[in-house]
Amino acid sequence: MIIVMRPNVADAELEGVTALISALALSAHVSRGAERTIVGVIGAPADKETLLAQFAQLDGVESVVPISKSYKLVSREARAERTVVRVRDGISFGGRTLAVCAGPCSVESREQLETTAAAVSRAGANVLRGGAFKPRTSPYAFQGLGEEGLKFLREAADRAGIAVVTEVLDPRDVELVARYTDVLQIGARNMQNFTLLREVGGARRPVLLKRGIAATIDEWLMAAEYVFVAGNHDIVLCERGIRSYDPSTRNLLDLAAVPLVQGLTHLPVIVDPSHGTGVRALVAPMSLAAVAGGADGLIVEVHPNPAAAFSDGPQSLTLPNFAELMERLAPVAAAVGRALPEPATAAA
Ligand code: PEP
Ligand code: MN
């Protein structure tokens with residue numbers, strides 16, 4: 001079960017709750033978020049009904065929720081309303097307005113980012129994506145520009161008036177990456193890097209958690225639980241395709257996972273049709289399908305010259321491809337009661 005404390009709960013009230021948990025030989029997982037403190041009660045109490053009533057009457061307790069799932073704090077049972085993850089003024093994941101993240105797979109140069117950021121923000125994207133630390137299958141492939149790449153991202157996004165999402169690969173780099181980015185991306189290959197999950201759980205930046213290459217829905221939500229229980233409640237899930245037997249597409253984009261997961265968790269869910277298919281021609285149709293199916297946003301790879309991209313050129317949209325996609329997306333979003341972001345006001 002979980003115990004939701006009232007906002008601004010006093011230390012003594014929290015101690016009252018944890019003391020009762022210890023007295024009952026159960027263990028407590030206290031998760032202090034920016035808005036509220038939540039206590040997870042772990043163990044198998046003999047009489048659940050009596051226990052629920054006992055906790056509900058303690059000072060500072062707002063509600064006590066029995067949870068049947070293995071993941072607790074991220075479950076719909078813990079919170080019936082959908083979470084809106086606020087990135088900064090006017091930019092959020094999970095509200096009526098979709099979040100649209102666009103940009104290259106890898107940060108390659110200042111010029112590449114300036115050109116891309118200006119074009120994607122003009123077309124209506126509200127978050128610039130790009131990897132400065134790249135998880136590559138081959139150790140000989142381009143590994144990213146590191147901190148220099150983070151600077152290019154920040155500068156280009158600020159000039160375009162949009163936010164930044166970028167991947168952090170290593171727990172030792174969380175602080176560095178968080179200095180430059182608005183959203184910390186955990187890549188598919190790291191979905192079960194529990195040390196990294198705990199580390200971003202302590203960061204004061206929203207986390208974009210991609211589904212692992214062969215992860216079940218349950219494993220994905222348990223990974224989100226790691227971040228949540230470590231104190232970071234601003235988590236966005238991203239379906240990016242899973243490994244299948246068929247090499248016709250790079251991955252098998254599991255669009256059914258979007259409404260499925262939205263029924264299991266209160267967290268927002270976005271879709272990555274670029275890694276989800278690996279095929280440029282499939283990116284626009286799958287983006288439209290994702291939004292029609294209720295996704296809270298998209299993350300799309302866009303490059304000024306995909307043929308020359310350091311990574312993932314074959315799945316990258318050109319700048320005009322992306323602008324066209326955004327135009328086609330608007331009526332689909334409207335049909336399901338959502339809106340595209342308002343175009344950003346670029347800095348002078
Ligand atoms: C990426 O978004 O650049 C990336 C590497 O994606 P994934 O972790 O989904 O493969
Ligand atoms: Mn990529």
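The basis for the numbers below is simple: all heavy atoms, side chains too, and nothing from hydrogens, waters or symmetry mates. Each ligand, and each atom within it, is numbered from 1 in the order the structure gives. One-based numbering along the sequence shown.
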Taking CZ in R136 as the centre, count heavy atoms belonging to other residues, nucleotides or ligands within less than 6.0 Å. Is the count above 12?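 Count over threshold, so yes.
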
Within a radius of less than 6.0 Å around CZ of R76, do more than 12 heavy atoms belonging to other residues, nucleotides or ligands occur?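 Result for CZ/R76: enclosed.
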
ILVMFWY clustering at 4.5 Å (side-chain atoms), partners of V127: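 V85, V87, I91, F93, V165, V183, L208, V236, I270, I299, listed by chain and number.
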
Which other residues end up in the same hydrophobic cluster as L51, if Ile, Leu, Val, Met, Phe, Trp and Tyr are linked when side-chain heavy atoms come under 4.5 Å apart?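 Direct or chained contacts put L51 with M1, I3, M5, V9, L14, V17, L20, I21, L24, L26, V30, V39, V41, L52, F55, L58, V61, V64.
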
No-hydrogen, no-angle side-chain donor-acceptor test under 3.5 Å, Q112 and N305: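 Q112 vs N305: no donor-acceptor pair found between side chains.
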
Please check if any side-chain donor atom of D246 sits under 3.5 Å from a side-chain acceptor atom of S248, or the reverse.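 Yes, side-chain donor-acceptor contact under 3.5 Å.
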
Apply side-chain contact (heavy atoms from CB on, under 4.5 Å) to the pair R36 and V4, showing each step before the final yes or no. CA-CA 8 Å; R36 15 181 113 250; V4 181; 3.9 Å; yes

Which protein residues come within less than 4.0 angstrom of ligand 1, counting heavy atoms only?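 Lining ligand 1 at under 4.0 Å, by heavy atoms, one finds R129, K134, P135, E167, Q185, G187, A188, R189, K210, R240, H275, E301.
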
Distance below 2.8 Å from the Mn ion (ligand 2): how many protein N/O/S atoms qualify?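 Counting protein N, O and S atoms closer than 2.8 Å to the Mn ion (ligand 2) gives 4.
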
Any idea how F228 and H233 line up, ring-wise: parallel (<30°), tilted (30 to 60°), or perpendicular (>60°)?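 F228 and H233: parallel rings.
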
Look at the side-chain heavy atoms of Ile, Leu, Val, Met, Phe, Trp and Tyr, link any pair under 4.5 Å apart, and say whether I186 and Y180 land in one connected group.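 Same cluster: I186 reaches Y180 through Ile, Leu, Val, Met, Phe, Trp or Tyr contacts under 4.5 Å.
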
